[in-house]
Enquirer: 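Can you keep this structure in mind? I'll have questions shortly.
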Protein chains: 4
Amino acid sequence: MAESRKRADARRNEQSLLDAAAAAFVSDGVQVPVRDIAAKAGVGVGTIYRHFPTRADLIVAVYRHQVEACAEAGPRLLRESPGPYAALTSWIDLFADFLITKHGLAEALQSEDAAFQSLHTWFLDRLVPVCDQLVRAADSRLGAFELMYAVGNLCIGAGRDDRYDARRVVGVLLDGLRPRCATP
Amino acid sequence: MAESRKRADARRNEQSLLDAAAAAFVSDGVQVPVRDIAAKAGVGVGTIYRHFPTRADLIVAVYRHQVEACAEAGPRLLRESPGPYAALTSWIDLFADFLITKHGLAEALQSEDAAFQSLHTWFLDRLVPVCDQLVRAADSRLGAFELMYAVGNLCIGAGRDDRYDARRVVGVLLDGLRPRCATP
Amino acid sequence: MAESRKRADARRNEQSLLDAAAAAFVSDGVQVPVRDIAAKAGVGVGTIYRHFPTRADLIVAVYRHQVEACAEAGPRLLRESPGPYAALTSWIDLFADFLITKHGLAEALQSEDAAFQSLHTWFLDRLVPVCDQLVRAADSRLGAFELMYAVGNLCIGAGRDDRYDARRVVGVLLDGLRPRCATP
Amino acid sequence: MAESRKRADARRNEQSLLDAAAAAFVSDGVQVPVRDIAAKAGVGVGTIYRHFPTRADLIVAVYRHQVEACAEAGPRLLRESPGPYAALTSWIDLFADFLITKHGLAEALQSEDAAFQSLHTWFLDRLVPVCDQLVRAADSRLGAFELMYAVGNLCIGAGRDDRYDARRVVGVLLDGLRPRCATP
DNA sequence: AATGAATGAGTTTTCATTCAT
DNA sequence: TATGAATGAAAACTCATTCAT
């Protein structure tokens with residue numbers, strides 16, 4: 001009983017760590033010093049290292065749930081959408097929305113820092129197969145990796161400047177993929 | 001005479017600095033340690049700081065000529081292309097090519113690092129008006145800033161993974177901008 | 001009854017702690033992280049600190065029995081050996097054997113780390129008087145402290161390199177103490 | 001000229017660094033924090049790292065001259081001593097003296113820390129061959145490595161306690177190596 | 001004007017020790 | 001009493017920036 005209590009505490013603590021890390025990633029970028037995350041979370045640096053031995057572990061943990069949800073939406077959209085192209089655009093909208101609202105994530109995915117390698121790997125391993133199904137069904141001119149990479153890049157800096165609306169641009173990109181009417 | 005000679009030397013020196021910096025930016029990114037640039041240029045770090053007090057000054061200097069050339073190409077393309085949409089795509093191709101071949105520049109333009117602020121400003125001040133002319137002529141759904149921002153982002157990481165072809169994706173984006181045939 | 005059972009449990013627990021510590025000292029040296037000892041013993045670090053408030057307490061406890069046995073062997077050897085020099089060499093062999101087989105102990109005895117101060121003290125308080133009897137009986141050129149210190153040092157790193165055989169070197173040192181035949 | 005002046009300064013600086021490091025090694029052991037050495041030398045830590053990229057580099061530099069002198073004494077003693085055993089004892093005395101007066105060095109040589117690996121290697125590479133010549137000439141029962149290792153160990157902690165005289169103990173060890181008169 | 005040595009703040013990481021559960 | 005999560009003081013190492021030569 002005492003144990004389950006402690007475990008519950010630790011879990012709560014870990015969640016507050018994740019929340020602080022997520023906030024820090026957004027405001028300062030994923031390269032934010034561990035010490036800063038610890039300060040934001042109101043814990044010592046050692047606590048971070050106990051829970052997340054490497055920075056990649058922390059990042060993966062921060063984004064795990066959301067990536068999961070995104071992955072699970074793929075097959076569902078394919079079933080429920082009026083057509084394969086609609087399914088693809090819906091999923092890409094979802095994917096872009098996820099990245100846009102997780103300001104800082106798109107940047108992290110694009111970073112070449114070795115600390116993010118395992119993040120890239122995990123992210124792509126989980127989502128590319130999902131996207132691939134949609135892409136094949138819609139007979140898209142861009143492959144799953146390429147499309148995701150493009151959308152990921154387009155989401156970088158979303159919200160930084162009012163003149164740039166990532167969702168609109170992603171819409172234009174998807175329009176570029178739309179099956180055309182014949183040119184006379 | 002001695003003075004003009006000295007000035008010529010200084011100019012030569014500065015040019016070799018710029019060449020070294022350009023090379024370093026390409027191979028190691030724009031965040032490359034100043035010491036590395038100095039070593040590549042065969043000068044002391046003090047010399048770099050004398051010529052370019054801030055990193056942004058150095059970056060602006062490195063890319064000045066190329067941005068100039070790109071800016072000057074705008075009006076010319078508008079005159080010489082078969083139509084405004086063709087002019088726009090030609091210019092965007094030029095712009096994307098510039099970014100893609102300047103590996104690291106797209107990343108720098110997107111970086112939030114304060115050291116790059118003046119780079120952003122200068123870059124946009126010079127090119128957005130040019131692009132704006134083209135965009136208006138072509139009656140594009142995306143504004144000049146937005147389009148340039150999008151293309152800039154799409155060029156990030158170009159060449160890092162064979163599965164991602166930035167030029168092809170930019171092509172798709174431009175297709176999304178193409179005037180449509182009427183829907184019956 | 002319940003109490004004596006509890007006390008027996010505690011003693012068993014403490015013994016398993018000592019065993020784990022002894023093993024950790026051997027494999028990783030006496031500076032081994034407390035956490036590692038705790039892990040080896042299958043207890044929390046808090047338990048170690050409860051039983052042994054300082055590292056020295058733990059070390060002393062680990063080696064107590066063996067030092068005791070060594071101390072008790074002194075008078076016995078003096079009684080049972082063919083002569084006092086033989087008794088001294090036998091005891092020193094015993095002492096060296098103890099140190100050599102307790103890989104890490106010789107290093108600990110020599111360490112200047114404050115955490116080991118009480119170990120030094122206890123060790124010498126217990127054994128120097130024993131050695132002193134033997135040394136006096138054998139009329140050795142080296143005093144008890146000096147001889148023990150020397151042998152202790154010679155045992156440092158025993159087993160680390162095949163080219164160094166601590167027992168052989170101790171033998172040579174004892175040879176140097178052997179009463180000489182007259183030089184003609 | 002300006003260059004040679006600067007180089008002279010740097011050399012002087014490096015020497016003061018070495019002096020500070022030597023003092024720090026003696027008083028705090030060779031594991032002394034780099035920051036402490038820097039403080040002792042009155043320089044920033046960066047200066048230490050500039051001159052000596054790794055701790056081993058610093059240690060080797062601190063002891064280089066003295067090891068050199070010791071190595072060079074070997075052949076000379078072999079030529080000039082009344083006999084090979086006398087040459088060996090003279091050299092070992094020299095070697096022990098070196099270690100004893102460089103309080104902390106014997107400990108360093110015995111340390112298993114990876115940072116000292118190159119120190120061990122260099123030290124042995126330089127001196128074992130010298131000792132080997134002497135050992136072979138004197139037909140010693142102990143090999144060069146073993147004898148040096150033993151003497152090195154005996155010098156650990158020399159000067160820490162008045163009851164231990166490393167020179168006397170080394171003398172006894174050498175006595176143990178002395179050719180014996182026949183036992184009747 | 002050029003040099004590069006020196007500086008030291010900033011970051012990561014480890015681990016002894018405390019203390020809430 | 002036992003646990004192990006949390007703490008935070010060290011320690012190593014890097015690099016932008018300054019400044020004596």
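Throughout, a chain's letter reflects where its sequence line sits, starting with A, and its residues are numbered from 1. Quick caveat, the model's predicted, so the values are computed rather than measured.
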Enquirer: Both C:P33 and D:T47 contact DNA chain E. Taking the nearest nucleotide for each, which residue is further toward the 5' end?
Expert: D:T47
Enquirer: Any heavy-atom pair between the side chains of D:L58 and D:F25 that's under 4.5 Å?
Expert: yes
Enquirer: Taking for each residue the nucleotide of DNA chain F with the nearest heavy atom, is it C:V43 or B:V32 whose nucleotide lies nearer the 5' end?
Expert: C:V43
Enquirer: Would you kindly give the CG-to-C1' distance between A:L58 and E:dT12, to the nearest whole Å?
Expert: 14 Å
Enquirer: For the pair C:H120 (side chain) and C:S111 (backbone), establish whether a donor and an acceptor sit closer than 3.5 Å, ignoring hydrogens and angles.
Expert: yes
Enquirer: Can you tell me how far P of E:dT13 sits from CG of A:D57, to the nearest Å?
Expert: 11 Å
Enquirer: Show each protein N/O and nucleotides 17-19 of chain E N/O combination with a separation under 3.5 Å, one pair to a line.
Expert:
residue, atom, partner, partner atom, Å
E:dT17, OP2, C:Y49, OH, 3.3

Enquirer: Of all residues at least two apart in sequence or in a different chain, which pass the side-chain hydrogen bond (donor to acceptor under 3.5 Å, both in side chains) check with C:K40?
Expert: C:S27
Enquirer: What's the CG-C1' distance between B:L17 and E:dA2, to the nearest Å?
Expert: 11 Å
Enquirer: If I take atom CZ in residue D:F52 and atom C1' in nucleotide E:dA6, what distance separates them, rounded to the nearest angstrom?
Expert: 14 Å
Enquirer: Starting at atom CG of D:D28, determine the distance to atom P of F:dA10, rounded to an integer number of angstrom.
Expert: 14 Å
Enquirer: Are any side-chain N or O atoms of B:R126 and backbone N or O atoms of B:R64, one a donor and one an acceptor, separated by less than 3.5 Å?
Expert: no
Enquirer: List the steps and the verdict of side chain to side chain contact (heavy atoms under 4.5 Å, CB included) for D:V60 and D:Y63.
Expert: CA-CA 5 Å; D:V60 169; D:Y63 297 124; over 6 Å; no
Enquirer: Expressed in angstrom and rounded to an integer, what is the separation of A:I48 atom CD1 from F:dA5 atom C1'?
Expert: 13 Å
Enquirer: Between C:F116 and C:Q110, is any pair of side-chain heavy atoms under 4.5 Å apart?
Expert: no
Enquirer: Round to the nearest Å and state the distance from C:D36 atom CG to E:dC15 atom C1'.
Expert: 10 Å
Enquirer: Are a donor atom and an acceptor atom from the side chains of B:S16 and B:D19 found within less than 3.5 Å of each other?
Expert: no
Enquirer: Roughly, in whole Å, what's the span from CZ in D:R50 to P in E:dA5?
Expert: 4 Å
Enquirer: Pair D:E107, D:R160 - check salt bridge (charged side-chain N to carboxylate O under 4.0 Å, His left out), show working.
Expert: CA-CA 13 Å; D:E107 285 86 345; D:R160 271 215 291 266; 3.6 Å; yes
Enquirer: According to a 3.5 Å limit on both distances, what stems of 3 or more consecutive Watson-Crick or G-U pairs are formed with DNA chain F?
Expert: E:2-21 with F:2-21
Enquirer: Which heavy atom of D:S118 sits nearest a heavy atom of D:A56, and at what distance?
Expert: OG-CB, 2.9 Å
Enquirer: Does a nitrogen or oxygen in the side chain of B:H51 sit under 4.0 Å from OP1 or OP2 of E:dA1?
Expert: no
